[in-house]
Amino acid sequence: MNDLVLMGLEGAVLVTGLAVLLLDLWITPDQRRLLGFGAIATLGVIFCASFAYLPDGTQYAFGGMYALDEFALYFKRFFLIAGMFVLLLSVGTSHAEEGGQGEYLSLSLFALAGMMFCASAANLALLFVSLELVTVTFYVLVGFQRRRLASLEAAIKYLIIGALSSAFLVYGIALIYGATGTLDFRQLASLPAAVMESRILWLGALFLFVGLGFKMAAVPFQIWAPDVYQGAPPSTTAFLAVGSKAAGFVLLLRVLHQTLPVLETRWLHLLMGVAGLSIAYGVLCAIPQRSLKRLLGYSSIANAGYLLIGVATLSAAGATAALYYLAGYLYTVLAAFIVIAVVLQHTGRDDFDSLAGLHQRSPLLAAGLTFAMVSLAGIPPLAGFFGKFLVLKAALAAGAEHPGFYWLLGIAVVGVVISLYYYFGVVRAVYWGTPGEQPAGPIRVEWPLQVALYLAMVAILWLGVMPNQITNLAELAVKSLGLR
Amino acid sequence: MASLSFIIFCPLLAALLIAAIPRNFKVLFRLIALGATFLPALAAVRLFLGMEPASGRLQYEEFVPWVYSLGISYHVGVDGLNIGLILMGAIVGFAAACISREITDREKEFYLLLLLMTGGILGAFASYDLFFFYFFHELALVPTFIMIGVWGRGDRKNYATFKITLYLSLGALLSLIGLLALYLQAGGQTFNIVELTRRLSANPLSPGAQQAIFPLLMFGFGILVSLWPFHTWAPLGYAAAPTATAMMHAGVIKKFGLYGLLRVAVPLLPAGAESWLPVLALLCLGNLVYCGLVAMRQRDFNLLLGNSSVAHMGFVFLGIASLSLVGVTGAVLVMVAHGFLAALSFALSGYLHQRLGTLEMVQMGGLLKRLPFIGTVLAMALLAGCGLPGFANFPGEALVLFGAVKAGQWWVILAAWSGLVIGGVYMLRAIRQILHGHLPERWAGVPDAPHAWHKLPYALLLAGLVVFGCFPGLLTKRIQPNASRIVQAVNGPMLAGFPGEPEAAGYWLARGRKVTGHE
Amino acid sequence: MTPGLEHYLVVSLLLFALGLLGVIIRRNLLVIYMSLEMMLNAANLALVAFSRFNNNLNGQVMVFFIITVAAAEVAVGLALIVALYRQRQSAHVEDLATMKL
Amino acid sequence: MEYYLPWFILLLPLASAVAITLTSLRKGVVAARLSIGACVLAFVLSAVLFGRDASGVTQFNWISLSDGATSFIADIALRLDPLSRLMLLVVTGVASAIHVYSFGYMRHDPGMGRYFAGLSLFMFSMLGIVLADNLLMLFIFWELVGVSSYLLIGFWYEKEAAADAAKKAFLTNRVGDFGFLLGIILVWALLGTLDIGALKTKLLTDPDALGALATAAGLLLFCGAVGKSAQFPLHVWLPDAMEGPTPVSALIHAATMVAAGVYLLCRLFFLLDVPGSHALVVIAWTGGLTALLAALMAVQQDDIKRILAYSTLSQLGYMVMAVGLSGSADNPSPAMYHLTTHAFFKALLFLGAGSVIHALHHEQNIWRMGGLVRRLPLTFWTFLVGTLALCGVPPLSGFFSKDGILALAQHGNLALFALAVLVAGLTAFYMFRLVFVAFIGPAKSQAPDHAHESPPVMTAPLVVLAVPSVLAGFWGINEYFGQQYGARPVEHGFLATLIEPFTHAPGAALSGLIATTAGVALAFALYRNAVTDPLPSRLGLVARWLRDRFYFDELYAGLIRWTQDALAAVADFVDRWVVAGLVVKGVQGSVELTGRLLRLVQTGNLQTYSFLFAAGVALLLYFALAR
């Protein structure tokens, strides 16, 4: 029973998902919105409930499969917030007409549950299952607009590359199991050093990293990201950019620091290389981009790189930086996708030209997109600045031991500068792009979206001006991971 | 009223207020902006007069911990080094708001950004915390880009926007890395400059670390100040910028890099300064001579001003690089003087551009006849720009030259040549082409500034130049104690630091702990 | 001769490599998908073999999970491929390149 | 009271300038009254000071910085000693006359307010130079006179020539100031103070304090004088400066400002006259050369003001030469003496020329004048007095002051003596050429027929100035200045003063007289009745060289074009095309190109994607396992 209580948050989300699925059968279409709000409200309750958990150290459930600590809670709250925004977004936009709102909602909730499980995975089996729960539901979510070829195409691409990465992941798990005879994180962590030297184990860990790298959209496993971001419905893309990426990071951090701690130093160079390549690739490819969603796809690759810098330092400061960065990134990306969703709805396009004159058609949307871009560009006082600040600080600190970080810093700085070029390109299109022949009537934003957008903007600003609370939480989380 | 936080947050909160007002109330935006810049200017004057001049102590301090775990706190105060800049910045901010009458399009956003700029840069000057120091500067910097992009002029507007954005961001990031490195090397516990100064003067960093960090700061800040050869953004950017933006950036925001060198880089990294400042002293010749020569060739008045502003920065670099009391004091004086001067010149060129529609100097001529007020002020500004006594630039530049000779830098000869002769050539050429000579038919109806209200910003800025030109002692006696400490941190036996503070190490941390109740 | 761990592993690796090769060079989505299944099964084989030679059952439990998840994946994947086929009358990867660069 | 008097004197004109600028730029008469009042009051106060023999220093702290090692104290410090007391009197006196004259001359110019503001500003700056007891303060006012001169030369800014001349004057002066500033900096670096009194004490106690750099320091300081006093090679601006209103030429470009260079040399004589310094030799020869060149050029000028301008140049050369020759006597008072008398009679000459120009409605070419004796009698007679004084005809003031210099030269350097005598002859020649052609000879155009004598407001100053031009030789000016340098004043009777030159150095006096007579005679022979200039046909190429001022302007124009302007062009090219173009655009372009190339990877084809994914894995394994 205690086990179930510890797992209560995920359980509640799953039950909500099932309830939505069932209720959807009985209610009339006009009530569907209410269903969505109900789900959101439930998530809100669950979010509040998450503060009732006060883990003293790490608590385990289900024979050590499931771990609950501050680290897991940090991410669960993160995912819950992401989930609430995504549901708001999907309720506010009407793409659900095609498939059925109920299904979309419940699938999102299942994906959310998967992510929350990821945060607590303490066993390779749970890692695999929770990750697959996320991935498989996302196959459907990406392809949800199945009459739109782009959505379908994105789904198929995501499916094939995702399955490929799953195969590597599974094989990696097999190899780790082969080398050590266990799937349990605690047992893995307490293995004698001799076993840790095994090349098979290292190979397995690398394969595992392939699977996680796919989730994070880090180079060289980034190839799917632009196409899928572009093709998927905006709410899905937002969830993909925030939740799915964070799921990859939460698992990576846990595997790095709690599961195979002796291998940490081996990871170092690998992570540094991947981080540098991700930043460079994402930033460079984004320069000529004209489609906003695709641009965010590339930007997501670059941001994975920045996050990986934090992770690669293998220090508490770095991990804290990554955690804070993710929090800022969450609101920033959500704000961007809320705007994109509305613009898509009204113009059917998401290229820069469709943004022209946006500041007249809807000052709110223009402001929201500006907030998002400025924050992504890492400019104070918004959240993106403090995130980059912390990441750079952590990298510099790590540079004392590993001079390679100085190179990484160089790439990061140049990356930021280049990224300004296209982020400001977006702002420019919003404020002084010349509108074409499209009707320039004002865009009415539905109130759920308005609320969501306002909340996201406030959060972006708040995180930037008052980062103290989040950094404190992140520090607690990192401490529970065993990092000092 | 005269608290520092009021000076900083009055414009920032006014910006929020403007954001909240619907865009129909056009008059209101301007009124709010005027009020929210006038009050800080007034307060800054009071602060300037009210501070204890010759002690070099930190005054009007305010301290609020912010992110305790990282050692970040909101800590503002004034001493001799920044009081001049704060005064100048506040006055220029007000003048820029006055001058922005020409903006008739999207006033709401314009004034909002202008206020952000003003508040941000004043905050940067007042901050004694590295984080806020940087944070506030970025807050002021970004509106520059947007303003150039939206309200800029000329067909090269877009190119200029991107160029200035990329350059300045690169500079800011480099300096950020440098600041972070400094913070980490000093133990990673506090961003507080006072505390850092104390720690580092007791326990200096290893020379290797200093020599590695100093260039980051030097080039980072240098790019922000258009250090040769990273200067090409400046003339282009200013030529494309709307008047108020050019005034604020060239006059005030640009000084941040110089201030950073003096406040952070040199006193905290004395060994680094010792080995890198000679490089700076050589590069500043690029500003002084090369950019001066380039300015001689410009046909567009704004490009001329832009290049001359770059050239003037060379004096400040030279003064800092001289590492002598006289030179450093002169450098600070030039910073303040150039702030007034650059703001004034760009305000005037903005007036000309608005009335004539062009700034091609060959098309002008004889305008003094039509514009007795503007023309006279312009002539005075240009003469001030070539270092005429009576205006604040002269004592500053002279002190820099004296200081540089004392430091044994023979190239001061070239600097003097640049200041006296090359500067004279292009400034007089401008007067000759714009104000003197025959008045072309097409400008026969150009109106002068009609009444006192229009004349106010120009008069205010000119007054700044003249007051500090005639009584530079007002500033130098405030600067001296601090400049002296900076110089002695590098050369002498005395430890850098702030006089009159409790000497116990960790005082600031303890203070922070007390306030937060944090363990 | 009784087959040792190495033999199983070699077979499993071969299967995995074959599957990967299939994914890369085949153009029909269904075939690609079958290749992917083959890769998963290669992992299953390895897991079972390891389980046998490590003398614990964790690996075999894992295999059940994998088979279950693979089934779900196949269900969703086939549905998507069918949906695509309905729209384009084709299941070839060349017809899936509207989004690029 | 004596403490405040010099401040009053200094600040009165400034107050007037500020008041005019702020209130009455458009009200010319008010402006004139303010300005004249300030000037005359300053003159009265100067006379009071002079009468009291006040001396001492008062100061206001301008900038003061010091730490253990260095101290930099720049005070606005006013020094009263014989040199500044008399100079105050001379400057304010001449200026008062000229201010009054200007009121008549500029009567109908709409810019009169601006004119008087400029004049007052000039007075302020000039008095600052006279009173300065600090090198930096000296430099400040040095620059300020430069700018007021700039403003006044360019007074008629709509005239292209005036605007150009103003610019040229300012920039040429700037070149000299460049050296001056370096000199000040050098002196400060070597001696550690800017205070003139302190410098003097330092050098008295330790004459070798300047060391090996004594010559360099002296010459750099001299650069300032070269610029302001228009010595060769920076003499080119002064003739052009005649584009300004004539009273300005009289005040600034004849009597006071251009003499400031000489005053500077005398003020800082203790810095030049140190053992081991060869600066004085260079100064003497520069002065001599300037005197000769300018006199030669004056011979072939046709513009009445330009002739006077070259004459001024030539006389300034004389004074500078006198300073240079004073090394042995340690007393440059002859230079100051000549400066004083020159101020009187040259101001007189310029005002006379102004009266002529005014009467002829801005006709300045002497070959379009003639017969003005009858038309402008008062102007003629005063002009003649000035001319005679300038030529050094006894017993007029110029004779005594010039004789002092000739005696110095005879005593010190025979080559320079010969040169000085030659210049004296040339002076007499070109001045009487002017007098004969413009006043006495036949009328050469219609213009003189309608000429009328100027109003009393203009002629009165002429008379006032004529008095000292005649009598200044008997006032013991030389001895007064001598006190400054420790010379014992000698009491002479009137007669003794009159014949003193012939008893003291008869050779010099006689040769000067002979040269003057020869000059006048030659002028009489050539120009008594000339309608056109006979010299060009007789001298040919030489005359052309003289007329075209030895092509110095062209030479400088070329020099600037091929050095500074060329450098500027190169720098501009580099900035535009290499730094901004090649480097910045190159970096930008290559980054963008990389981006465009890199994204070609995203083909959209699933097969490529899975291949790249697998390749990525392979790459990862290679790097992770191979090492």
Side-chain angles (χ1 to χ4, degrees), chain A residues 316-317 320-321 324 359-360 363 366-367 370 374 377-382 385-386 388-400 403 406 409-410 412-425 427-432 461 464-472 474-476, chain B residues 12 16 19 22-23 65-70 72 105-106 108-109 116 120 131-132 134-143 145-146 149-152 157-158 161-163 165-174 176-185 188 191 209 212-213 216 220 516 518:
Chain A
T320 313
Y324 176 88
H359 76 283
Q360 278 161 342
T370 309
V374 170
I379 285 158
L382 303 186
F385 165 72
F386 201 72
K388 290 219 166 66
F389 174 79
L390 289 176
V391 166
L392 293 181
K393 180 173 107 25
L396 255 175
Y406 294 135
L409 265 174
V413 165
V414 172
V416 170
V417 172
I418 298 177
S419 72
L420 284 175
Y421 178 83
Y422 51 80
Y423 290 138
F424 275 119
V427 177
R428 199 160 61 106
V430 169
Y431 281 95
W432 63 97
L461 187 63
V465 177
M466 289 289 154
N468 215 358
Q469 289 133 341
I470 300 297
T471 50
N472 283 345
E475 266 167 19
L476 271 180
Chain B
L12 293 181
L16 279 185
R23 59 183 58 242
W66 193 59
V67 179
Y68 182 76
S69 54
L70 298 175
I72 303 178
D105 168 38
R106 301 178 206 165
K108 174 172 169 172
E109 286 86 353
L116 276 185
F131 179 83
F132 274 99
Y134 182 85
F135 177 94
F136 275 127
H137 170 253
E138 281 279 301
L139 198 59
L141 191 58
V142 174
F145 311 146
I146 303 176
V150 181
W151 294 271
K157 173 173 103 174
N158 291 342
T161 314
F162 279 123
K163 195 164 173 177
T165 309
L166 298 188
Y167 258 101
L168 295 188
S169 307
L170 183 65
L173 280 168
L174 274 184
L176 175 63
I177 302 275
L179 295 178
L180 278 174
L182 182 61
Y183 159 78
L184 290 167
Q185 287 288 325
F191 278 91
I213 299 173
L216 282 172
T516 46
H518 205 291

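By convention in this document, chain letters (A, B, ...) are assigned in the order of the sequence lines, proteins followed by strands, and residues within each chain are numbered from 1. None of the values given here were measured: they were computed from a predicted structure.
Of the two parts of B:Leu180, the backbone and the side chain both hold a non-hydrogen atom closer than 4.5 Å to a non-hydrogen atom of chain A. If you measure heavy-atom distances from B:Phe162 to chain A, the contacts under 4.5 Å come from the side chain alone. Contact of A:Phe386 with chain B is made through the side chain alone, with heavy-atom distances under 4.5 Å.
A centroid separation of less than 6.0 Å is found between the aromatic rings of B:Tyr134 and A:Phe385.
Atom-to-atom distance recorded for A:Gln469:CD and A:Tyr324:OH is 10.5 Å, nearest 0.5 angstrom.
Taking the six-membered ring where tryptophan is involved, the planes of B:Phe132 and B:Trp66 are perpendicular, since the angle between them exceeds 60° and thus also 30°.
Of the possible polar contacts, none joining the B:Tyr183 side chain to the B:Phe131 backbone as a donor-acceptor pair under 3.5 Å is found.
In terms of non-hydrogen atom pairs under 4.5 Å with chain B, the most contact-rich of A:Thr471, A:Ile418, A:Val465 is A:Val465. Chain A forms more heavy-atom pairs under 4.5 Å with one residue of B:Leu141, B:Asn158, B:Thr161 than with any other, namely B:Asn158. Interface check for chain A: of the options B:Ile72, B:Leu176, B:Val142, B:Leu168, the most heavy-atom pairs under 4.5 Å are formed by B:Val142.
Residues forming a ring-ring contact (aromatic ring centres under 6.0 Å, His included) with A:Tyr406 (at least two apart in sequence, or on another chain): none.
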